[in-house]
Amino acid sequence: MPSRSATSEGFALTSDKPKSRYARFLLWRNRLLRSASFQKWAARLPLSQSIARQRATDLHHILAGFVYSQTLSASYKLGLLECLKDRIATLDEIAEYCELEKEAAFTLVNAAVAIDLLQKVDNAHWTLGELGASIHGNPGVQSMLRHHDLLYSDMADPAQLLRRRENASLRGYWPYVDGDHNDPAAAARYSELMADSQHLIANHILDSISLTGTSRLLDVGGGTGTFARLAADRFPHSETAVFDLPQVIASIPPKHSQQLRAYSGDMFNDTLPEGFNTISLVRILHDHDDLPVERLLARCFDALPSGGQIIIAEPMAGTRGAESIGHTYFGFYLWAMGSGRPREKSELYRMLEHAGFAGIREKKTHIPALVRVITAKKPNVIFC
Ligand SMILES: CC(C)=CCC/C(C)=C/CC/C(C)=C/C=C/C(C)=C/C=C/C=C(C)/C=C/C=C(C)/C=C/C=C(C)/C=C/CC(C)(C)O
Ligand SMILES: C[S@@+](CC[C@H](N)C(=O)[O-])C[C@H]1O[C@@H](n2cnc3c(N)ncnc32)[C@H](O)[C@@H]1O
């Protein structure tokens, strides 16, 4: 393990000498990259210039990330995105709608254009850009935008957040991580967010799986039943039901509770209802640490009949092209939430195997950055 030791230059990390060639190569490369003269030279040389330009821009985007998020937040909160929905507007109109001085509106409009939220129509008019227009097609993104103030406030002091996980404000938003199952107001608040944002992923999950007429699906931790209802619409010959904490089940609106079988209980301590040959866990496992996840998978295994199927759907770490959504975004989100972590597909495979499942497969989704799906089967018992 590296340890901190005082040197004449202050603190330095000392560690055992790297053994592999790869480790030695990395140390050599990093010494080169931090050399100011190498950087100057690389920026001038035609061969390395494009790499230098790209890496400098990459670093700047990381540095600026919080500013981009807040530009999106301001565009939403000040009504800029609403003002330009199906409209083309002048700067005066935008300034009036957003209740901003013209110069401030100009700063916001230019910032939003640069990140594709808005688009310039001509020198005097603006409308939504491709990303701004996409937000209007996804009400779940708007709910997430409102919710993110909590995460941003925790992330304003990341060192404090990492040292004092228990003090994060996001933790209070999800009382079940502390085993607090008695706050109906909090449960209603997070269930509404989950129901809204479920629409971002449900169709991708349902496009990737198939339920037949003999499928009886229990959506464990299924909130107020949005996924179970959408699954029933998509596969009308299957039966679907939801299992969640009592205060969540109690908050299912009457018009929905009549159409859906709902079971209340604690998935870690109560027996899961039997008679279902498919169990889904949608955005559940990443909320919990390894031990409870192993216990939950074992309970699902026990509740399923031989040949029964488990479906795991959530964003996963290590997703190609979306690496930072997994380990960076969800890594910090779940850290601030106070439990769980994003897992790589291979880790989930191992945990499923450990619980006794077989035939473990990934079912491709259209947008893996948002959600990925793994299915597995409880093996048929072979009598000798
Ligand atoms: C028409 C012409 C000329 C050209 C067309 C070109 C073309 C084909 C363009 C494509 C347009 C298109 C279809 C765009 C689609 C855009 C989409 C689908 C955007 C979707 C965005 C989704 C986002 C940003 C989702 C964000 C989700 C977040 C932030 C989720 C957070 C989840 C959390 C915090 C979950 C918490 C649960 C817990 C506690 C971890 O368990
Ligand atoms: C992140 S939400 C996901 C909800 C839903 N599956 C979705 O994707 O929209 C986690 C869900 O797990 C439920 N949950 C947490 N702890 C639970 C427990 N011990 N027993 C049953 N449900 C629980 C929560 O009430 C919540 O509805």
Side-chain angles (χ1 to χ4, degrees), residues 69 72 116-117 119 129-148 150-151 170-171 173-181 183-184 186-205 218-231 242-252 262-272 279-288 292-293 295-296 299 311-316 322 325-326 329-343 366-367 369-371:
S69 314
L72 171 61
D116 278 350
L117 294 174
Q119 197 161 339
E130 282 187 20
L131 296 186
S134 303
I135 289 174
H136 283 299
N138 288 295
V141 175
Q142 295 176 41
S143 304
M144 276 297 163
L145 266 166
R146 291 192 290 275
H147 168 65
H148 270 54
L150 275 179
L151 177 63
L170 203 54
R171 190 172 190 134
Y173 188 87
W174 300 101
Y176 61 77
V177 303
D178 290 316
D180 174 2
H181 298 162
D183 185 347
R189 199 176 49 221
Y190 74 65
S191 295
E192 195 181 331
L193 175 71
M194 287 295 93
D196 285 355
S197 63
Q198 181 56 237
H199 293 280
L200 287 168
I201 58 168
N203 281 326
H204 299 303
I205 303 170
L218 180 67
D219 190 29
V220 172
T224 48
T226 307
F227 179 74
R229 280 197 311 279
L230 292 170
V242 66
F243 178 94
D244 209 294
L245 294 167
Q247 69 275 26
V248 172
I249 296 298
S251 71
I252 299 180
Y263 298 85
S264 57
D266 176 345
M267 63 192 175
F268 294 112
N269 293 304
D270 296 331
T271 311
L272 294 175
I279 287 181
S280 51
L281 295 167
V282 181
R283 301 194 288 189
I284 299 298
L285 298 188
H286 60 7
D287 283 3
H288 302 283
V293 166
R295 265 196 287 141
L296 180 59
R299 297 172 77 78
I311 300 170
I312 291 167
E314 60 186 37
M316 290 173 202
I325 295 184
Y329 171 78
F330 277 105
F332 264 101
Y333 188 98
L334 292 162
W335 178 265
M337 180 181 165
S339 115
R341 63 186 181 91
R343 292 187 179 81
H366 303 303
I367 310 187
L370 291 182
V371 66

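Both ligands and their constituent atoms are indexed starting at 1 by order of listing.
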Could you grab the distance from atom CD of E314 to atom CG of L285, nearest 0.5 Å is fine? 5.0 Å

Could you tell me which atoms of ligand 2, counted from 1 in the order shown, lie closer than 4.0 angstrom to a heavy atom of G223? 27 (O)

Is there a side-chain contact between D244 and I252 (heavy atoms, below 4.5 Å)? no

Could you check whether the rings of H147 and Y333 sit parallel, tilted or perpendicular, using 30° and 60° as the cut-offs? tilted

For P292 and F268, which heavy atoms make the closest approach, and how far apart are they? O-CE2, 3.5 Å

Applying salt bridge (Lys or Arg N to Asp or Glu O under 4.0 Å) to R341 and not counting sequence neighbours gives D290, E347

Parallel, tilted or perpendicular, as decided by the 30° and 60° cut-offs, for the rings of Y190 and W174: tilted

Taking a cutoff of less than 4.0 Å between a non-hydrogen atom of the residue and any ligand atom, is G265 in contact with ligand 2? yes

Between Q247 and D183, is any pair of side-chain heavy atoms under 4.5 Å apart? no

Is it the case that ligand 2 has an N or O less than 3.5 angstrom from some N or O of V248? no

Answer yes or no: does an N/O atom from D266 fall short of 3.5 Å to an N/O atom of ligand 2? yes

Out of curiosity, is F268 lining ligand 2, as in a heavy atom under 4.0 Å away? yes

Counting only heavy atoms closer than 4.0 Å, does ligand 2 sit against the backbone of V220, its side chain, both, or neither? neither

If we only count heavy atoms from C-beta on, is the H288 to Y176 side-chain gap below 4.5 Å? yes

Purely on distance, is any nitrogen or oxygen of G221 under 3.5 Å from one on ligand 2? yes

Can you confirm whether L151 sits close enough to Y329 that some side-chain heavy atom of one is under 4.5 Å from a side-chain heavy atom of the other? yes

Considering only non-hydrogen protein atoms, determine which one is nearest to atom 10 (C) of ligand 2 and report residue, atom name and distance to 0.1 Å. Y176 OH, 3.3 Å

Under 3.5 Å between some N or O of ligand 2 and some N or O of Y190? yes

Quick check: do H181 and P246 have side-chain heavy atoms less than 4.5 Å from each other? no

Nearest heavy-atom neighbours spanning S143 and D196: OG-OD2, 2.8 Å

Can you find a heavy atom in the side chain of V177 that is under 4.5 Å from one in the side chain of D287? no

Does an N or O from R283, backbone or side chain, lie closer than 3.5 Å to an N or O of ligand 2? yes

R299 side chain vs M267 backbone, donor-acceptor pair below 3.5 Å: yes

Sub-3.5 Å N/O-N/O distance, I284 and ligand 2: no

Between ligand 1 and the protein, tabulate every N or O atom pair separated by less than 3.5 Å, reporting distance only.
{"unit_1": "ligand 1", "atom_1": "41 (O)", "unit_2": "D287", "atom_2": "OD1", "d": "2.5"}
{"unit_1": "ligand 1", "atom_1": "41 (O)", "unit_2": "D287", "atom_2": "OD2", "d": "3.4"}

Among all the protein's non-hydrogen atoms, which is closest to atom 2 (S) of ligand 2, and how far away is it? M194 SD, 3.6 Å

For ligand 2, which atoms, with element, lie under 4.0 Å from some heavy atom of D287? 1 (C), 10 (C)

Counting non-hydrogen protein atoms only, what is the nearest one to atom 17 (C) of ligand 2? Give residue, atom name and distance. M267 CE, 3.6 Å

Between Q198 and ligand 2, is there a nitrogen or oxygen pair with a distance under 3.5 Å? yes

Does D244, backbone or side chain, put an N or O under 3.5 Å from an N or O of ligand 2? yes

Chi angles and distances behind the side-chain contact (heavy atoms from CB on, under 4.5 Å) call for I284, L296: CA-CA 10 Å; I284 299 298; L296 180 59; 3.9 Å; yes

